Amino acid sequence: MTVFTYSQARQRFSLLLDRAREEGKVMVRRKDGSLFSICPEKETRSPLDVPGIDTKATTSDVIRAVRESRSRES
């Protein structure tokens, strides 16, 4: 685990973030001795977050298709 001083963290913040991503956690120590940790957050994505597709289907076409599929199930 890497420890940065407060001054180093300010001067090399981009490096600090890169190191946190690689190592999972970095520490920043102030002059008074207090210690802080910086760690990356895990990205959470919805399984429904998918790219759309372009079609020529209109809203009416979609509604008609849904109604037809429901009538076949009955």
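Counting from 1, the numbers follow the sequence of the chain as shown. A quick note: this is a predicted structure, and the numbers were derived from the prediction, not measured.
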*Has Asp54 got more than 12 heavy atoms of other residues, nucleotides or ligands less than 6.0 Å from its CG?*
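Counting neighbours around CG of Asp54, 12 or fewer heavy atoms of other residues, nucleotides or ligands fall under 6.0 Å, so no.
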*How long is the span from the CD1 atom in Ile38 to the OG1 atom in Thr2, to the nearest 0.5 Å?*
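Reported to 0.5 Å precision, the distance equals 11.5 Å.
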*How far does SG of Cys39 sit from CZ of Arg21, to the nearest 0.5 angstrom?*
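The CZ atom of Arg21 is 13.5 Å from SG of Cys39, to the nearest 0.5 Å.
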Of all the heavy-atom pairs spanning [X] and [Y], show the shortest one and how long it is.
X	Y	result
Phe36	Arg30	CE1-CD, 3.4 Å
Val50	Pro47	CG1-O, 3.9 Å
Gln8	Val3	OE1-O, 4.2 Å
Arg45	Asp49	NH2-O, 3.3 Å
Lys25	Met1	O-CG, 3.8 Å
Val28	Tyr6	CG1-CA, 3.9 Å

Which donor-acceptor pairs under 3.5 Å do side chains of residues 9-17 form with protein atoms, sequence neighbours excluded?
none

*asked:* My understanding is that only residues two or more places apart in sequence, or in another chain, count here; which of them pass side-chain hydrogen bond (donor to acceptor under 3.5 Å, both in side chains) with Ser60?
replied: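 Not a single residue meets the side-chain hydrogen bond (donor to acceptor under 3.5 Å, both in side chains) criterion with Ser60.
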